[in-house]
Amino acid sequence: MPSTLIEKYIRESHLPHIWCAGCGNGTIMRDVIQAIDNLGLDKKDVVIVSGIGCSARAAGYMNFNSIHTTHGRAIAFATGIKMAKPHMKVIVLTGDGDAAAIGGNHLIHAARRNIDLTVVVFNNSIYGMTGGQFSPTTPTGEFATTAPYGSIDPNFDIPELARAAGATYTARGTTYHVPQTIKLIENAIAHDGFSIVECVTTCPTYYGRKNKKGDAVKMLEYQRDNSVSVAKAKTMTAEELKGKIVFGELYVDNEKPEYTKEYEKIIEIAGGRSDE
Amino acid sequence: MAERKRALLQGNEAVVEGAIAAGMRFFAGYPITPSTEIAEGCAKRLPEVGGRFIQMEDELASMAAVIGASVTGTKSMTATSGPGFSLKQENIGYAALAEIPCVIVDVQRQGPSTGLPTSPSQGDYMQARWGTHGDHPVIAVSPSSVQETYEETIRCFNLAERYRVPVILLMDEIVGHMREGIEMMSPEEITVLDRLVKEDPEQAAMPYDIVPGEYVPRITPFGEGIYYNITGLLHDNWGFPSTSPVKNNRQTTRIMNKIIKNAEQIEKYETDGVDDCDTLIVSFGGTARSAEAAITIARENDYKVGLFRPVTVWPFPEKALSEICDHVKNIIVAELNFGQMTLEVERIAKGRCEVTHIGKVNGTILKPNEIYRLIREVSR
């Protein structure tokens, strides 16, 4: 029997999806849907915003108010939606290139404002849609079509970048740790402020093949064997943590004021009447 | 008649008042000379009417936020000048393809690149039409006075809503910073148009399916329980990506046709003394003020000169100008650039009369005397 989630939330007429066999993006899309269902959100008030790339195609498969925007700008579109309708839950689905390269400026400024958006980053460490170029999260030394001799670019830690910029909820999940990742996304959506969950996903077609990581199963096993929980990571040295995926809730701040709520105060000071 | 409010405003301030009168409730922008007063005005005025203002991190984000707000049914605007107008182009194309109403103000300044930030220009005329890549529809409107700026800003919002296109309010630094006394209309005098939606929820779920006899889709805003997809990819009637040559051709043709077929409703122009003139001046925006002064001098000296001033500059009021081309000897196109509208006028004149361009690209305005000298020259 198919999952009831499919009937409730998936545009079945637009399947099959375009993702390659072994791609983890479908897993993350399901995690997001499960998190929305667990929270019992009214679909009417949920907007799914995506940018450009493999990750971005998830928006079209999800039966919500969905908008597939331009490369890198999903968070900026989402900011406009949230400002116009602060009661809406605005969820951004983006990739490592979309969020941290071309869209890096929007990521840090939305984090700085602490505007109530939830950003789910599908991090496959590569540009998949264009055929395997290195991204800001490709580990230094690894290979890509535009790094045929190995990448000399240092890589970003996206949740750390967002935290430094002012995000008030940061977390990391993987496509191996499904129940944990669902909970992280759930907490992120429920959080009143800018939240980001990086989901480490598998791209056997490009990242895997270029770097001899094996098939999808091997790549998932790699996630399992190289992930450490936040609690365990605290007991480990920097040397021991090298190359490890630290997953779980990385940073939570419930004190910093949320941007659209602050703007409601501006409307009050100016003597206007908010329709929210 | 209800009382009108009189005010001494600069053009940029009149944009803010016009926009609010038209129902704008969201503005996203980034500081840039000579348009900044529009952002400043929106920051102050929008919360007073329950609207919202945000200063974004850059021009690209401002344009994106405006489209985001508009998909929820909120009338939205951004304002910029040359460099920022260039940066906004990708998302202007998005609004054109996905058919999201919005207003973009470009207060033109001189030169490519950083150019002369505080000096007037009309060098973005062609960019307003073809700035973003690919064939796409657009409307551009260029006012010549502060009063007209106020009224045309309202019309820009109505055009955006009616045709679901990005509308460019193509200002220039002359009008943007010019101060004039204006009359602001009372709410009951102002026509405000809102985007149309479909009544039947089942039909509404197919947002780009066009009602027979219409060219513009009726799309329900986000948040009303109608679930559909919006994308910048060429798409089908459901808003889903499509690579079908038949559907792609149908969509691209329709979005162009919705402007072409409705051109006469969108066009607006002013003429003065065109019926019996030998020489016609075509001019728009702030430069038209110099042209008007030149015509006054020329008439005092017995030259038969007329004025054609397009207010809607894209689509160009082609039919109206073409009729005049049948009987005038000369056309002078006065514009603050190297000859951009001149190309459009030459295309329409099709060799029926001499077309001469007069312009300037040094950051100063065209003076009436300079235009008058050319009137004398071409009249010999």
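Chain identifiers are assigned alphabetically (A, B, ...) following the order of the sequence lines, protein sequences preceding nucleic acid strands; residue numbering begins at 1 within each chain. Note that this is a predicted model, so its numbers are computed, not measured.
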Checklist entry - Could you go step by step and tell me if A/Ile266 and B/Phe53 meet the side chain to side chain contact (heavy atoms under 4.5 Å, CB included) rule? => result CA-CA 10 Å; A/Ile266 299 275; B/Phe53 164 89; over 6 Å; no

Next on the checklist: Heavy-atom pairs under 4.5 Å with chain A: which of B/Asp58, B/Thr74, B/Val49 has the most?
Outcome noted: B/Asp58

Next on the checklist: Do A/Ile67 and B/Asn229 have side chains that approach each other closer than 4.5 Å (heavy atoms only, starting at C-beta)?
Outcome noted: no

Checklist outcome for this item: Rounded to the nearest 0.5 Å, the CZ atom of B/Phe222 sits from the CD1 atom of A/Ile48 at a distance of 10.0 Å

Checklist entry - When heavy-atom pairs shorter than 4.5 Å are enumerated against chain B, which of A/Ile267, A/Val47, A/Val49, A/Asp42 gives the highest number? => result A/Ile267

Checklist entry - Can B/Glu57 and A/Arg113 be counted as an ion pair, charged N to O under 4.0 angstrom? => result yes

Checklist entry - Given that the side chain runs from C-beta out, which part of A/Arg11 has a heavy atom under 4.5 Å from chain B: side chain, backbone, both or neither? => result side chain

Item to check | Sidechain-backbone polar pair: B/Tyr228 side chain, A/Phe64 backbone, donor-acceptor under 3.5 Å | outcome: no

Checklist entry - Quick one: CE on B/Met63 to OG1 on A/Thr70, what's the gap to the nearest 0.5 Å? => result 10.0 Å

Item to check | Distance-only side-chain donor-acceptor flag, A/Thr260 / B/Arg52, under 3.5 Å | outcome: no

Next on the checklist: Suppose a student defines contact as a heavy atom less than 4.5 Å from any heavy atom of chain B. Which residues in residues 73-85 of chain A would they list?
Outcome noted: A/Arg73, A/Ala76, A/Phe77, A/Thr79, A/Gly80, A/Ile81, A/Met83, A/Ala84, A/Lys85

Checklist entry - Among B/Lys44, B/Glu224, B/Arg45, B/Glu48, which residue forms the greatest number of heavy-atom pairs with chain A at distances under 4.5 Å? => result B/Glu48

Next on the checklist: Using heavy-atom distances under 4.5 Å, tell me whether A/His106 contacts chain B through its side chain, its backbone, both, or neither.
Outcome noted: both

Next on the checklist: Let's test your reading of the structure: which of B/Gly225, B/Gly232, B/Ala98, B/Gly223 forms the most heavy-atom pairs below 4.5 Å with chain A?
Outcome noted: B/Gly223

Checklist entry - For B/Val66, is it the side chain, the backbone, both or neither that has a heavy atom under 4.5 Å from a heavy atom of chain A? => result neither

Checklist entry - Looking only at heavy atoms, which two atoms of B/Phe240 and A/His14 are closest? And how far apart? => result CD1-NE2, 3.0 Å

Next on the checklist: Using the rule given for side chain to side chain contact (heavy atoms under 4.5 Å, CB included), can you reason through B/Thr231 versus A/Arg57, listing the C-alpha separation, both sets of side-chain angles and the distance that settles it, and then say yes or no?
Outcome noted: CA-CA 10 Å; B/Thr231 178; A/Arg57 291 307 186 97; over 6 Å; no

Checklist entry - Hey, does B/Pro47 have a side-chain heavy atom less than 4.5 Å from the side chain of A/Tyr263? => result yes

Checklist entry - Given a strict heavy-atom distance threshold of 4.5 Å, which part of B/Tyr94 is in contact with chain A: side chain, backbone, both, or neither? => result side chain

Next on the checklist: Applying side chain to side chain contact (heavy atoms under 4.5 Å, CB included) to A/His68 and B/Ile230, what does each step give before you reach the verdict?
Outcome noted: CA-CA 6 Å; A/His68 175 228; B/Ile230 300 175; over 6 Å; no

Checklist outcome for this item: Under 4.5 Å to a heavy atom of chain A? For B/Thr72 that would be both

Checklist entry - Counting only heavy atoms not in A/Glu268, do more than 12 sit closer than 6.0 Å to its CD atom? => result no

